[in-house]
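Below is one structure, written out as structure tokens, with a few remarks after it.
Start at 1 with the first residue, then count along the sequence.
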Amino acid sequence: MANPNMGWLFLKAYFKDLDYRNMKSEANAKRIKERVDTLVRLEPESYESEVPGSTRFTATTAYPGLLLGSGNAHELPGVEGQAILGFYFDYTTGLPVITGSTIKGVLRSAFAHPEYVRQYLPEAWDDAQIRALEREIFGNAVSDADVVQGKDIFYDAPVISADTGGRILSDDFITPHRDPLKDPIPLRFIKVRPGVTFRFSFELTGGLLGKNEKVTLFMSILEDLGIGAKTNVGYGRMSDFKRELTEAEQEEMRKEREKRAFDKAVASGDESQLVRFRTDFPHSQYLAQIDEAIASMKAQKEKAAIETAFHN
């Protein structure tokens with residue numbers, strides 16, 4: 001039997017069959033504890049594989065984990081052992097997901113500090129140029145008179161794998177000290193475990209920065225700032241950032257390599273390099289031009305040989 005939808009368990013089934021007339025009952029505490037225990041033991045059988053966006057990278061959660069949607073209401077009054085913080089799950093897959101709006105918000109927050117962003121730009125930019133880049137990527141505030149929509153699109157980041165024995169959630173505890181003379185009561189919440197990999201996807205446009213420069217900037221900001229809640233105490237840190245090239249990007253890079261090799265072979269004036277290009281790129285769009293160049297070189301050699309023989 002397939003595992004149930006995590007989001008449904010946490011947001012729907014979690015609240016069923018409780019004694020709402022006596023919230024502090026032992027029966028309620030037992031039911032809630034069992035439901036949280038079940039949730040953190042689940043091992044998804046598959047992950048979302050189809051994602052939009054032509055520019056992508058992956059990143060993996062680091063210790064102590066990742067908090068998503070913690071501001072959503074979820075706490076029940078007086079029930080021991082409950083998960084006190086909310087959590088955000090994808091409605092369809094039921095798996096944790098980092099929303100595109102969250103990703104966009106973290107990235108944009110970095111632009112409030114131009115001196116920070118400047119270190120990751122390919123050349124020394126002034127504050128006006130950085131503001132122009134921010135406007136190009138994110139658009140401007142609604143309060144501005146001339147409202148401009150950002151050119152880039154930020155998609156939700158789904159879970160794609162977990163190097164955690166199959167489980168992607170675990171529980172954790174905070175222990176607030178209301179009275180330093182009394183023992184604190186641990187408060188339970190759920191989190192994404194360390195070692196869970198998400199895929200970040202974008203539809204980026206070239207402009208003040210190229211697509212590759214933009215995605216490199218995005219990875220640097222997310223690695224520095226983290227994402228989600230409680231980043232000030234270490235949650236939301238990610239590591240092992242890796243570009244994930246789409247088929248379109250791979251084809252674009254192949255064409256760029258082919259064009260560079262063609263230009264180099266032609267500029268060399270060496271027939272052997274032209275022949276080697278034919279071998280390395282047997283289906284190249286430049287084969288006709290290569291053949292013409294080879295034929296031209298052979299004709300020049302024959303002409304030179306005839307002239308040499310005539311003079312001798």
Side-chain angles (χ1 to χ4, degrees), residues 5-7 10-11 44 47-62 65-72 85-112 117 120 133-142 147-162 168-169 191-192 196-231 235-246 248-249:
N5 182 296
M6 288 183 174
F10 189 70
L11 300 174
Y47 300 97
E48 183 72 17
S49 57
E50 293 297 324
V51 293
S54 60
T55 303
R56 306 171 187 168
F57 62 82
T58 60
T60 303
T61 53
L66 172 65
L67 298 178
L68 301 169
S70 60
N72 297 331
L85 301 178
F87 206 86
Y88 191 86
F89 296 91
D90 179 75
Y91 181 80
T92 303
T93 66
L95 296 175
V97 64
I98 307 172
T99 65
S101 59
T102 298
I103 298 166
K104 184 176 182 179
V106 171
L107 294 173
R108 184 161 199 174
S109 70
F111 280 78
V117 175
Y120 292 118
L133 177 63
E134 177 184 9
R135 185 181 176 92
E136 176 184 285
I137 296 173
F138 306 104
N140 60 4
V142 176
V147 177
V148 175
Q149 183 68 35
K151 294 182 179 180
D152 296 330
I153 300 173
F154 301 78
Y155 294 106
D156 293 351
V159 175
I160 61 168
S161 65
I168 62 176
L169 296 179
K191 65 180 182 181
V192 177
V196 176
T197 300
F198 289 78
R199 176 185 285 121
F200 295 78
S201 303
F202 310 86
E203 200 66 57
L204 302 179
T205 58
L208 296 174
L209 284 182
K211 294 180 183 180
N212 288 333
E213 293 170 325
K214 280 184 182 178
V215 77
T216 299
L217 173 63
F218 291 174
M219 288 191 290
S220 298
I221 292 172
L222 290 173
E223 186 171 15
D224 287 345
L225 303 187
I227 199 164
K230 295 176 73 69
T231 54
Y235 290 91
R237 299 296 176 184
M238 306 198 82
S239 61
D240 199 22
F241 284 76
K242 295 179 181 177
R243 279 296 305 273
E244 188 178 74
L245 297 177
T246 63
E249 285 179 311

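- With respect to F198, the side-chain contact (heavy atoms from CB on, under 4.5 Å) criterion is satisfied by exactly one of I103, T61, D156: T61.
- Here the closest non-hydrogen pair linking K211 and L204 is CE-O, 3.1 Å.
- For V117 against F111, the heavy-atom pair with the smallest separation is CG2-CA, 3.9 Å.
- The minimum heavy-atom distance linking A229 with S70 is given by the pair CB-OG, 3.2 Å.
- A side-chain donor-acceptor contact under 3.5 Å links E136 to the backbone of L208.
- For the atom pair CE of M219 and CZ of F241, the computed distance is 8.0 Å after rounding to the nearest 0.5 Å.
- In terms of modelled atom types and a separation under 3.5 Å, the side chain of R237 and the main chain of D224 share a donor-acceptor contact.
- Here the shortest heavy-atom pairing between M6 and P96 reads SD-CD, 4.3 Å.
- A 4.5 Å side-chain heavy-atom check between T93 and V159 finds every atom pair outside the cut-off.
- The two residues E203 and G53 come nearest to each other via the heavy atoms OE1-CA, 3.6 Å.
- Side-chain contact check for E244 versus F200: every heavy-atom pair is 4.5 Å or farther apart.
- With rounding to the nearest 0.5 Å, the separation of CG in L85 from CG in L68 is 11.5 Å.
- The distance from atom CZ of F10 to atom CG of N72, rounded to the nearest 0.5 Å, is 9.0 Å.
- Take D152 and apply the salt bridge (Lys or Arg N to Asp or Glu O under 4.0 Å) test, not counting sequence neighbours, and it matches K214.
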Pair L222-F57, side-chain contact (heavy atoms from CB on, under 4.5 Å): steps then yes or no
CA-CA 11 Å; L222 290 173; F57 62 82; 3.7 Å; yes

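- Using modelled atom types and a 3.5 Å distance limit, the side chains of T60 and T197 yield a donor-acceptor pair.
- Interatomic distance, S161 OG to R199 CZ, rounded to the nearest 0.5 Å: 9.0 Å.
- Side-chain atoms of F87 and V192, non-hydrogen and from C-beta on, do get closer than 4.5 Å to each other.
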Determine, step by step, whether F154 and F202 satisfy the ring-ring contact (aromatic ring centres under 6.0 Å, His included) criterion, reporting the C-alpha distance in whole Å, the side-chain angles of both residues, the deciding distance to 0.1 Å, and the verdict.
CA-CA 5 Å; F154 301 78; F202 310 86; 5.7 Å; yes

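- We find the OG-OH distance between S54 and Y155 to be 8.0 Å, quoted to the nearest 0.5 Å.
- Although no hydrogens or angles enter the test, the distance criterion places no donor-acceptor pair under 3.5 Å between the side chain of T231 and the main chain of I227.
- Taking every heavy atom of both residues into account, I98 and L66 meet most closely at CD1-CD2, 4.0 Å.
- In this structure a side-chain-to-backbone donor-acceptor pair under 3.5 Å is missing from D240 to A59.
- Contact of the P158 side chain with the D90 side chain is not registered, since no non-hydrogen atoms from C-beta on lie closer than 4.5 Å.
- For the pair I137 and F218, the minimum side-chain heavy-atom distance is below 4.5 Å.
- Remark: T55 engages no residue in a side-chain hydrogen bond (donor to acceptor under 3.5 Å, both in side chains) (not counting sequence neighbours).
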